Amino acid sequence: MTTFKSDFLHVLSSRGYIHQISDADGLDQAAMAGRIVAYVGYDCTAPSLHVGHLLSIMMLHWLQQTGQKPITLMGGGTTRVGDPSGRDETRQVLTYEQIEANKDSIKGTFSRFMRFGSGKTDAVMADNAEWLAALNYIEFLRDVGRHFSVNRMLALESMKMRLDRDQELSFLEFNYPILQSYDFVELNRRHGCILQMGGSDQWGNIVSGIDLGRRMGTPQLYALTCPLITTASGAKMGKTAEGAVWLNAELKSPYDYWQYWRNTEDADVPRFLKLFTTLPLDEIGRLASLRGQEVNEAKKVLATEATALLHGREAAERAADTARRTFEEGALAETLPTIDVPASEFEGLGVLSAFVKAGLVPSTSEARRQIKGGGLRVNDAGVIDDRTVLGKGDLTPQGVVKLSLGRKKHVLLRPV
């Protein structure tokens, strides 16, 4: 492991965030001088970011904690084009209204991890639509496009992957690396930004920005990427059978988010404690030494600390308490995720439709498959007949019906 002198790179290195750096010594010296302004870009393709974005958000968090200045760049402009990185097909083109709605929905997430304001190390939120939307195409081609070699662009990993698989790459997407590179130059001009961070799949695009900056007369720019995280079993981080693990509470409740981290594979616990919590490394070392059933205690700490960062300490403790009461005490915890259904609709609701409505399964056919495998329960009793219907007789004293998928996923259905 490289020994860094600056707090910023020392923290990132010791916790496992660093995959590549364009000029490690130069960046280390800049960090020691306390003059790093760095950014990460986030396109607005959905109303929420997901767990896959957490690594770069945590890098911005530690950047600020070590005395430097972070920028969160909203892709109000680049979202209109679509990043081909890591894609086998063209992204869906969103309307401007959809992009704005997604952008507004995403913004609140960052304030959980960073302090925004006008101070020297306060975070700044920028939007590349400010400069990209107003570009004159001919002038942009002349002033910026002339610095790009088509040969080098075709060698970018994001481009090669699509071409090697004979997947269509639109001219619109082909422009994306140019726009991302221009973002870097523009942020340097506006905010003195010298570092762009992102996932390792962004390395080619970020280095293109450094090269563009050199050709357009900016000071020295730097690149730093984090690894793309896979679990110990080889699965992509944040991908579950139910889909993406969203960061917005409206799409993934604090309880479900807590459960996601509680279900971490044993081998991943030490690494995830370093990456996704702010616990001191000596405490992480103690938790990492636990063996056997004691590993579950480390998983609960991981779940609570990760949830506290995103949703606040109170919500995290409430989720942990709900899990304890539900699993360890066998009690019905009223703080489980609850879905309201009209009373008229509840009476006679088929059990297959009930589990779909609760979001525990994606379809009635999947619910039927789970029943055959013994995976569905109503009020802790196994469902054996897919023709079962719910009614008032199924209500608990609390006026709800508890639906369970397996041992760890529960939702309350409440007629209103």
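These numbers come from a predicted model, not from an experiment.
Counting all heavy atoms, side chain and backbone alike, S208 lies closest to F148 at CB-CE2, 4.3 Å. In terms of heavy atoms, H410 sits closest to P337 at O-CD, 3.7 Å. The two residues T307 and A303 make their nearest non-hydrogen contact at OG1-O, 2.6 Å. Across all non-hydrogen atoms, the minimal contact from C44 to I106 is CA-CD1, 4.1 Å. Closest approach of L405 to L360, counting heavy atoms only: CD2-O, 3.2 Å. For the pair W131 and A126, the tightest heavy-atom approach, listed with the atom from each and the gap, is CH2-CB, 4.5 Å.
Partner of M197 under the side chain to side chain contact (heavy atoms under 4.5 Å, CB included) criterion, out of L55, T225, L60: L60 alone. Paired with H311 under the rule ring pair (Phe, Tyr, Trp, His ring centres under 6.0 Å), one option of W261, W258, Y257, Y255 passes, and it is Y257. Partner of D266 under the salt bridge (charged side-chain N to carboxylate O under 4.0 Å, His left out) criterion, chosen from R271, K299, R291: K299.
Not a single donor-acceptor pair under 3.5 Å links the side chain of N205 to the backbone N or O of P177. At least one donor-acceptor pair under 3.5 Å links the side chain of D127 to the backbone N or O of A129. Under a 3.5 Å cut-off, the side chain of Q64 and the backbone N or O of T121 do form a donor-acceptor pair. Side-chain N or O atoms of N188 include none that pairs as donor or acceptor with a backbone N or O of T218 at under 3.5 Å. A distance-only check finds no donor-acceptor pair linking the side chain of D28 to the backbone of F4 [under 3.5 Å]. Checking side-chain atoms of R377 against main-chain N and O of V383 turns up no donor-acceptor pair under 3.5 Å. Judged purely by atom type and a 3.5 angstrom limit, S56 has no side-chain atom pairing as donor or acceptor with the backbone of G198. Checking side-chain atoms of K274 against main-chain N and O of Y17 turns up no donor-acceptor pair under 3.5 Å. Listed for the H53 side chain is a donor-acceptor partner under 3.5 Å among the backbone atoms of H50. Of the possible donor and acceptor atoms, one in the side chain of Q98 sits under 3.5 Å from a partner among the backbone N and O of T95.
Note that CG of L27 is 10.0 Å distant from CD of Q220, once rounded to the nearest 0.5 Å. With rounding to the nearest 0.5 angstrom, the SG atom of C226 is 14.5 Å from the CZ atom of R15. Atom CD1 in I210 sits 10.5 Å away from atom CD1 in I194 (nearest 0.5 Å). In this structure, the separation between CG on L302 and CG on L273 is 5.0 Å, given to the nearest 0.5 Å. The distance from atom CE of M216 to atom OG of S181, rounded to the nearest 0.5 Å, is 10.5 Å. With rounding to the nearest 0.5 angstrom, the CG atom of D386 is 5.0 Å from the CZ atom of R368.
Under the ring-ring contact (aromatic ring centres under 6.0 Å, His included) criterion, Y39 pairs with F184, not counting sequence neighbours. Under the ring-ring contact (aromatic ring centres under 6.0 Å, His included) criterion, F140 pairs with Y182, not counting sequence neighbours.
L310 places a side-chain heavy atom less than 4.5 Å from the side chain of F113. Counting heavy atoms from C-beta on, the side chains of M74 and T79 never come closer than 4.5 Å. In this structure, I21 and L9 have side chains that are in contact, with non-hydrogen atoms separated by less than 4.5 Å. Proximity of S6 to T66: side-chain heavy atoms (C-beta onward) are nowhere separated by under 4.5 Å. The closest side-chain heavy-atom distance from V124 to V37 is not below 4.5 Å. With a 4.5 Å cut-off on side-chain heavy atoms, L132 and D183 count as touching. T338 is listed as a side-chain neighbour of D340, based on a closest heavy-atom distance under 4.5 Å. The shortest side-chain heavy-atom distance between L275 and M58 does not fall under the 4.5 Å cut-off.
Neither side chain, Q196 nor Q202, offers a donor N or O lying under 3.5 Å from an acceptor on the other. Side-chain N/O atoms of D7 and W62 include no donor and acceptor closer than 3.5 Å. Using modelled atom types, one finds a donor on one side chain and an acceptor on the other under 3.5 Å when comparing N248 with S105. Defined by atom type and a distance below 3.5 Å, a donor-acceptor pair is missing between the side-chain atoms of T231 and D268.
The residues R313 and E305 are annotated as salt-bridged, a charged nitrogen and a carboxylate oxygen being separated by less than 4.0 angstrom. Under the 4.0 Å criterion applied to side-chain N and carboxylate O atoms, R286 and D282 are not assigned as salt-bridge partners. R318 and D321 are not joined by a salt bridge, as no carboxylate oxygen comes within less than 4.0 angstrom of a charged side-chain nitrogen.
Counting non-hydrogen atoms of other residues, nucleotides and ligands closer than 6.0 Å to NE2 of H191 gives a total above 12.
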Apply side-chain contact (heavy atoms from CB on, under 4.5 Å) to the pair V301 and L279, showing each step before the final yes or no.
CA-CA 10 Å; V301 172; L279 288 174; 3.7 Å; yes

